[in-house]
Each structure stands twice: as structure tokens, then as C-alpha cells.
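See below for the structure under consideration.
Chain A is the first sequence line, chain B the second, and so forth, proteins listed ahead of strands; every chain is numbered from 1.
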Number of protein chains: 2
Amino acid sequence: MSAPALTKNQALVFDVLEKADGPLSAYTILDKLRDHGFRAPLQVYRALEKLLEYGVVHRLESINSFVACAHPGENCHSHGIVAFAICESCSQVMEFHDHEVDHRLMDWTRGKKFKAEKTTIEIRGLCEACAA
Amino acid sequence: MSAPALTKNQALVFDVLEKADGPLSAYTILDKLRDHGFRAPLQVYRALEKLLEYGVVHRLESINSFVACAHPGENCHSHGIVAFAICESCSQVMEFHDHEVDHRLMDWTRGKKFKAEKTTIEIRGLCEACAA
DNA sequence: TCGCACACGTTATAGCATAACGCAATTGAT
DNA sequence: ATCAATTGCGTTATGCTATAACGTGTGCGA
């Protein structure tokens, strides 16, 4: 599950996300890549699908957007559950990991014999700068 | 923020959600209410907006669906963060609360001076029955 | 009675995501 | 080297999710 060499489209999409200073929607990515020959949403979604699989991009379910992983180089999947704090004013995203939270959730799922595949933790609110 | 008497539309939408045995999308709710005079998505979305505000319905961000709160009568907002386990096979949803998780996340946000407004915790996977 | 807030209805539109088809390039086992 | 399988890619069309903008009616307090 570690990242193989990216294809051209995957690299383009990843590059856009990495240079962005916040999460982007698939259609925003599409617009940014029209000059590079992108014409259709599927070109973006297909690349995103792979980047998510490789763990170098995250999907923010609560805002239908995507963001480059904050740990370039490493495989984020190995850090346990990823949590995000999303500022609703400036849309900056902070990514963090808390093993104690992972542990509590895993305890719960084990107790219920629930087989967890993918866990989403997203905190929406205001970052320090915007809350002032 | 506790629930006042529901309007006609709000009651209809809530009733559909309560009788359903799993989360429903807004458009599914719309279809179920066509016989009651519903014609447009906004009729559903406006009712849902209020029901969410009253804390009697939850939105599942990761599957763009809505579910009646598992604690009829009580105000769910007072239980702290709500977490969900969603079975991707039978789409049953289990709702739970874990104060230790709340605590860890609040510690993190406090440390970052992030003002949390709304937190989403959703675990997708397979329930005990479906995993067998 | 006037003004305001709110629920509601309707039409139109915006935004997000995938199905289905076909072609080209790559890989890898024989 | 060759053929089959896989993967990526491009295109068109479509479906699902959500909101904007406008207008109507109703209840209620100043």
C-alpha cells in the first residue's frame, strides 16, 4: 500500500493539492488543471482514488474536499486514525493523530464485534487566528 | 435548543426517519413523502435543518444521509460528541458516546486554541452480523 | 395596523460523483 | 517475442446532493 511512482495525472493532481494552502474540491482541482489538458471530472476522481489508496491524500468527508497528507514521505496509513481540525473561516486544516482516541474507538468496536474499515474524525470550527 | 413542537413538514420528515431502519438520504425521504404532498428537495432540507438544530436527527457526513437520534426524548446535544458505526453492508447505524474520546479531542483543540463547533466521528465497516 | 419572523411552495441552478464505452500503454507469464 | 490481463486514460452522459432566489401566507408583538 505504499506509493509507487505516480502516473502523469496522479502527479498533477497531487502537485495541485500539495501547493494549495487548504483543501480543494475535485472540481476546483479540475479547473486548476484545465491548462494541463484536463477536461472531465473523472480524470480528477480517478487520480484521487489512487492517491487516497496510497495514503498521500486525505478526503475530508464533511466538506467534500481533498487535502495532501501533512506527512510527506511517510505512509500516513501507519499512523493510526487521522483526525482533522478544519477552520470554517480560513479553511486551514490541521492534521493530527491521537493513539488514545484510536484505542478508545477500537475498544468500542471490539466490544461490538464491529469490523472497522475506515474512520473519519473531523472537527469543524475556528482556528486560533480566526477566532480572535 | 431543545425541541419545540414540530411543524407539519418537520414531523413528517422526522416520522420517516424514525420508522426507517437505517439512514436515509434527503432524496429518499422526499420520495417517501410524495404522497403527503412533498414535491421539492427544499421541503426536506428545510425540515432537516431544524431537526438537526433540535438535536433529534443526525447527519452522517460520510454517506450524505440522515438518521433519527437513538435517544428519543433526550436532547442528544447534551451527551457530548456523538459517534457512529455504520455498516457498509446492511447500513445499520450504531450511535454511541465516549467521554474519554471527547476529552482527548478537547485537550487537543484547547492546546491549539481551536474553537470547535461541530465534531464528526464516523466508523465505517461491517457489523457483527455482516462480518460473519 | 404595521412590521417582523418564520414556515412554506416553486423554479431554477449549482456542486459533487459515477456509469459505461472504447482505446492505448504496460506488464508478465509462457 | 507474443499474447492476455491489467491499468491508465479520454469522452459522453447521467445521477445524486444541496442551495439560491423569489413569492405567499400566517401569527404575533409593538
Check: Are B:V56 and B:L17 side-chain neighbours, meaning at least one heavy-atom pair lies under 4.5 Å?
Finding: no
Next item on the list: State, yes or no, whether a side-chain contact exists between B:V44 and B:F38 at a heavy-atom distance under 4.5 Å.
Entry: yes
Next item on the list: Would you mind listing every ring-ring contact (aromatic ring centres under 6.0 Å, His included) that reaches into residues 104-132 of chain B, with sequence neighbours excluded?
Entry: A:F96-B:W108
Next item on the list: Applying ring-ring contact (aromatic ring centres under 6.0 Å, His included), name anything that partners B:F84, two or more places apart in sequence or on another chain.
Entry: B:H58
Note to self: My understanding is that only residues two or more places apart in sequence, or in another chain, count here; which of them pass ring-ring contact (aromatic ring centres under 6.0 Å, His included) with A:H97?
What the structure shows: A:H71, A:H79
Next item on the list: Would you mind building the protein contact string for nucleotides 5-12 of chain C? One character per nucleotide, 5' to 3', B for base within reach (heavy atoms under 4.0 Å), S for sugar-phosphate only, - for untouched.
Entry: --SBBBB-
Next item on the list: Mind jotting down which residue pairs meet the side-chain hydrogen bond (donor to acceptor under 3.5 Å, both in side chains) criterion with at least one end in residues 36-50 of chain A? Sequence neighbours excluded, please.
Entry: none
Checklist line | All pairs passing side-chain hydrogen bond (donor to acceptor under 3.5 Å, both in side chains) where residues 82-92 of chain B contributes a residue, at least two apart | finding: none
Item checked: Presence of salt bridge, B:R110 and B:D107, under 4.0 angstrom -> yes
Notebook entry, point to check: Is the shortest distance from a Lys or Arg side-chain nitrogen in A:R34 or A:D31 to a carboxylate oxygen in the other one below 4.0 Å?
Noted result: yes
Note to self: If you compare every side-chain N and O of A:Y45 against the phosphate oxygens of C:dT18 (OP1, OP2), does one of them come in below 4.0 Å?
What the structure shows: no
Next item on the list: Would you indicate, yes or no, if C:dG15 has its OP1 or OP2 atom less than 4.0 angstrom from a side-chain nitrogen or oxygen of A:N64?
Entry: no
Next item on the list: Go through the structure and list residues passing side chain to side chain donor-acceptor pair (under 3.5 Å) with B:S62, not counting sequence neighbours.
Entry: B:E122, B:R124
Next item on the list: With sequence neighbours excluded, tell me which residues meet side chain to side chain donor-acceptor pair (under 3.5 Å) with A:N9.
Entry: none
Item checked: Contact interval (first through last nucleotide) of DNA chain D with protein chain A, 4.0 Å heavy-atom -> D:dG8 to D:dT12
Next item on the list: Take the C1' atoms of the five end pairs on each side of the helix from C:dT1-D:dA30 to C:dT30-D:dA1, get both axes, and report the angle to 10 degrees.
Entry: 30°
Note to self: Applying side-chain contact (heavy atoms from CB on, under 4.5 Å), can you list everything that pairs with A:S65, at least two apart in sequence or on another chain?
What the structure shows: A:P23, A:S25, A:I63
Margin query: Short of 4.0 Å, heavy atom to strand atom, which residues of residues 19-27 of chain B count as contacting DNA chain D?
Written below: B:S25, B:Y27
Notebook entry, point to check: Atom CD of A:E49 and atom C1' of C:dC16: how far apart are they, to the nearest Å?
Noted result: 15 Å
Next item on the list: Return yes if some donor-acceptor pair links the side-chain N/O of A:E95 with the main-chain N/O of A:A70 below 3.5 Å, else return no.
Entry: yes
